[in-house]
Amino acid sequence: MPDIPARTNPKDPNPQIVEVTDPVYSKKRPDMSWRDHLVMLLTSGAEVEHALMVQYLFAAYSINSDQPTEELRALVEGWRASILSVAREEMGHLLTVQNVLVLLGAPISFHREMMPWDHQFYPFPFSLEPLSIPTLQCFIYAEMPRLAEIEHGKIYPETPKLLAMAPGRRRKKAAPSSIGPRQEWECIQEVKRDLAKRFGEDNVNADLHQVGELYHQIIDLISDPRRIPDSEFNEASYDMQADWNDWGRGYKPQPRELTPDGDIDEAAGARRLEAAPEFPSSMARRHAHVQVERAATRAQAVKALRAISAQGEAPHLKADDTGEPSHFERFVQIYEEYKALQKNDPSWKATYDIPRNPTTREDFARLNPKKTTYIPANLESAAAAHLFAQLFNQRYRLLLNYLAHSFRLGRSQPLHQPGRRGMVMHRAFGEMYHLKTIAGLLVRLSLHDHKNPKAHAAPPFELPYTLGLPLQEIDIWRQHRDLIAVSQHTCNEVFRLAGVSASFKKEVGDIGGDIYLNTLIRLDNEAQRWIGAILAGRS
């Protein structure tokens with residue numbers, strides 16, 4: 001631990017010579033300023049949120065709803081709905097962290113890893129895995145309350161007896177979990193034990209390997225005017241930030257009638273979504289509550305960061321309970337239900353037989369043969385899986401480009417009028433739906449692996465060589481145009497092979513791939529006309 005400098009002048013505003021005794025100081029590199037360190041932490045937070053979102057999406061896409069009974073089908077579909085809700089909320093977290101970076105005048109980041117700078121902040125090694133007990137353990141660990149608070153009884157006051165809840169009044173929940181506090185605490189201990197065997201006890205017991213601890217450090221630092229003075233916050237950046245009206249409007253819980261004490265009014269009856277019979281778990285019926293917070297001041301930035309941290313870290317255990325299920329709570333519920341099913345039938349699986357860490361790059365697969373699975377391109381029988389995996393990567397890159405571009409575009413028109421920024425965000429939402437659809441097609445396509453005939457493909461989520469945008473605005477539009485053209489080439493290649501191979505045509509047709517590609521090409525033609533008008537100066 002480096003020496004902590006003494007403060008020679010109590011009124012000296014220079015944060016580099018202020019006496020600091022909190023744990024953040026010991027983690028700051030001596031060659032970085034406090035502002036630089038804060039930007040690094042926020043960038044790490046954005047990339048961890050991105051990584052978690054992708055892993056949650058992969059796990060959700062891996063779920064196979066073709067189950068032997070109607071009850072099992074409803075259960076696993078409920079799991080999928082719950083995990084997708086978490087992933088949507090992670091998107092809100094990702095955008096909120098970008099907003100704080102913009103407020104500080106720092107570059108936004110839609111990358112996932114930036115080794116060696118942020119390796120200590122990843123809760124567990126990044127890996128695309130189908131839903132399973134080990135996968136859920138990683139998700140629970142990433143989202144659970146901070147270990148220091150658990151061990152010192154701040155969250156669970158009488159650990160391990162759990163004879164009392166956290167201080168403060170506990171409201172009735174709109175979507176209650178069937179997992180009680182004692183079982184949640186036991187689940188945490190079980191997860192810690194199992195993950196310690198996989199990743200090492202020191203790593204698991206280090207608080208900074210949890211998302212909550214990373215936000216704790218960020219909030220502690222950004223709240224301190226000695227280290228981050230008011231001059232670092234640019235309130236003029238407010239209009240350049242992502243807004244809930246743009247990104248979260250369709251993802252907000254329906255209002256509930258409450259009693260004067262703030263509890264849910266049972267006499268008002270259940271809302272339609274809560275009463276829907278298709279999901280046995282009440283939490284699965286709860287739609288995502290996407291939080292996208294803008295900030296013009298330090299206080300607003302702290303409030304936004306606390307809100308997204310609490311959404312993952314089990315706010316249902318705290319006095320300021322919102323009534324919404326946390327990410328931690330959702331994953332514990334799925335974990336316990338999954339364990340119960342596998343206890344009765346150890347051979348049961350909730351997922352398609354898909355590979356971990358699929359890749360379209362043969363050279364990368366050769367470098368990492370134990371961790372990756374190559375989706376082959378050199379076999380005609382497996383070409384469909386490879387082409388759809390390529391298409392997934394192309395649309396993933398388009399989505400990230402649109403997201404980054406939306407931060408470049410200023411609000412030159414009111415929100416209710418169509419502007420370039422609004423159209424870019426419209427395209428981003430479209431790409432989210434495309435990714436979901438293509439992933440659904442991929443997991444139904446065979447890998448044609450003679451060693452494992454049941455093996456299917458999966459979405460690779462491979463990042464491009466760069467996520468950087470060109471400096472000139474016109475060149476960004478050219479880049480969008482080129483990426484759409486490359487995607488159209490992939491679609492045309494699918495139709496070309498379908499014209500020369502009956503088996504290929506049947507495989508694509510059996511999953512409805514041809515119908516979807518025709519729709520995608522039509523939508524892309526409309527986008528190309530729009531971009532062409534911008535490049536020609538007509539829009």
Side-chain angles (χ1 to χ4, degrees), residues 55-84 86 123-125 127-144 177-180 182-201 204 278-284 327-358 369-373 439-440 442-447 449-459:
Q55 290 170 101
Y56 296 162
L57 287 173
F58 189 90
Y61 295 155
S62 74
I63 293 174
N64 183 0
S65 59
D66 187 16
Q67 296 293 328
T69 67
E70 192 66 34
E71 182 182 6
L72 275 178
R73 190 175 303 115
L75 184 66
V76 299
E77 281 296 335
W79 292 352
R80 190 205 307 275
S82 198
I83 297 172
L84 287 176
V86 172
F124 47 86
S127 185
L128 298 175
E129 309 270 356
L131 189 71
S132 65
I133 295 297
T135 305
L136 285 165
Q137 287 181 332
C138 289
F139 295 171
I140 289 169
Y141 177 74
E143 302 283 6
M144 72 186 187
S177 171
S178 62
I179 309 301
R182 178 185 294 275
Q183 195 171 358
E184 285 177 340
W185 183 84
E186 291 172 349
C187 176
I188 288 173
Q189 304 310 309
E190 179 179 311
V191 165
K192 286 175 57 181
R193 286 194 301 269
D194 288 354
L195 291 186
K197 297 174 184 177
R198 292 164 59 187
F199 303 128
E201 189 171 348
V204 172
E278 62 267 27
F279 298 142
S281 168
S282 63
M283 283 193 294
H327 299 178
F328 168 77
E329 187 178 14
R330 286 182 183 271
F331 286 133
V332 169
Q333 176 99 32
I334 297 171
Y335 179 73
E336 295 296 339
E337 290 172 349
Y338 204 129
K339 280 199 309 179
L341 285 169
Q342 283 209 325
K343 184 177 181 180
N344 293 331
D345 181 4
S347 64
W348 179 81
K349 286 180 62 177
T351 64
Y352 291 97
D353 191 350
I354 63 173
R356 61 195 295 256
N357 296 314
K370 294 182 179 179
K371 295 182 179 180
T372 62
T373 302
L442 272 168
V443 296
R444 294 160 59 201
L445 283 171
S446 173
L447 280 180
D449 185 349
H450 66 278
K451 296 180 181 179
N452 182 9
K454 294 183 179 180
H456 286 211

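Proximity of a side-chain donor or acceptor of S62 to a complementary backbone N or O of A59 within less than 3.5 Å is detected. When atom types are taken as modelled, the side chain of R330 and the backbone of V86 share no donor-acceptor pair closer than 3.5 angstrom.
Residues L72 and P68 share a closest heavy-atom pair of CD1-CG, 3.9 Å. Between C187 and E336, the closest heavy-atom pair is CB-OE2, 3.7 Å. Contact record, A350 with W79: CB-CZ3, 3.9 Å, taken as the closest heavy-atom pair. Listed here is the closest heavy atom pair of P459 and A439: CG-CB, 3.9 Å. Summarising the geometry of V76 relative to Q67, their closest heavy-atom pair is CG2-CG, 3.8 Å, with the distance given to 0.1 Å. Shown here for A457 and I354, the closest heavy-atom pair between the two residues is O-CG2, 3.2 Å.
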L75 vs L341, test: side chain to side chain contact (heavy atoms under 4.5 Å, CB included). Steps then yes/no.
CA-CA 11 Å; L75 184 66; L341 285 169; 3.4 Å; yes

**OP:** Check step by step if side chain to side chain contact (heavy atoms under 4.5 Å, CB included) holds for I133 and D194.
**Re:** CA-CA 11 Å; I133 295 297; D194 288 354; 5.9 Å; no

Output, in order, the C-alpha distance, side-chain angles, deciding distance and verdict of side chain to side chain contact (heavy atoms under 4.5 Å, CB included) for L84 and Y61. CA-CA 9 Å; L84 287 176; Y61 295 155; 4.2 Å; yes

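With contacts defined as side-chain heavy-atom distances shorter than 4.5 Å, the pair F331/M144 does not qualify. Annotation: side chain of Q137 is not in contact with side chain of Y141 (no heavy-atom distance under 4.5 Å). Within the 4.5 Å cutoff, no side-chain heavy atoms of R356 are placed close to those of L128.
S127 and E129 share a donor-acceptor pair across their side chains, judged by distance under 3.5 Å alone. Checking Q333 against E337 by side-chain atom types alone, a donor-acceptor pair falls below 3.5 Å.
For K371, the NZ atom counts as loosely surrounded, since its 6.0 Å shell holds 12 or fewer non-hydrogen atoms of other residues, nucleotides or ligands.
To the nearest 0.5 Å, atom OG1 of residue T135 and atom CD1 of residue I334 are 11.5 Å apart. Atoms CG and OG1, from L447 and T373 in turn, are 7.5 Å apart once rounded to the nearest 0.5 Å. Atom CZ of R198 and atom SG of C138 lie 4.0 Å apart (nearest 0.5 Å). Taken to the nearest 0.5 Å, the CD1 atom of I188 stands 12.0 Å off from the CD atom of Q183. With rounding to the nearest 0.5 Å, the separation of CD in E184 from CD1 in I140 is 9.5 Å. For the atom pair Y56 OH and E143 CD, the distance stands at 3.5 Å (nearest 0.5 Å).
In this structure, Y338 and W348 have perpendicular ring planes: the angle between them is above 60°, well past the 30° mark.
Not a single side chain to side chain donor-acceptor pair (under 3.5 Å) links N64 to another residue, sequence neighbours left out. Not counting sequence neighbours, R444 has no partner by the salt bridge (Lys or Arg N to Asp or Glu O under 4.0 Å) test. The ring pair (Phe, Tyr, Trp, His ring centres under 6.0 Å) check on Y352 picks up H456, with sequence neighbours excluded.
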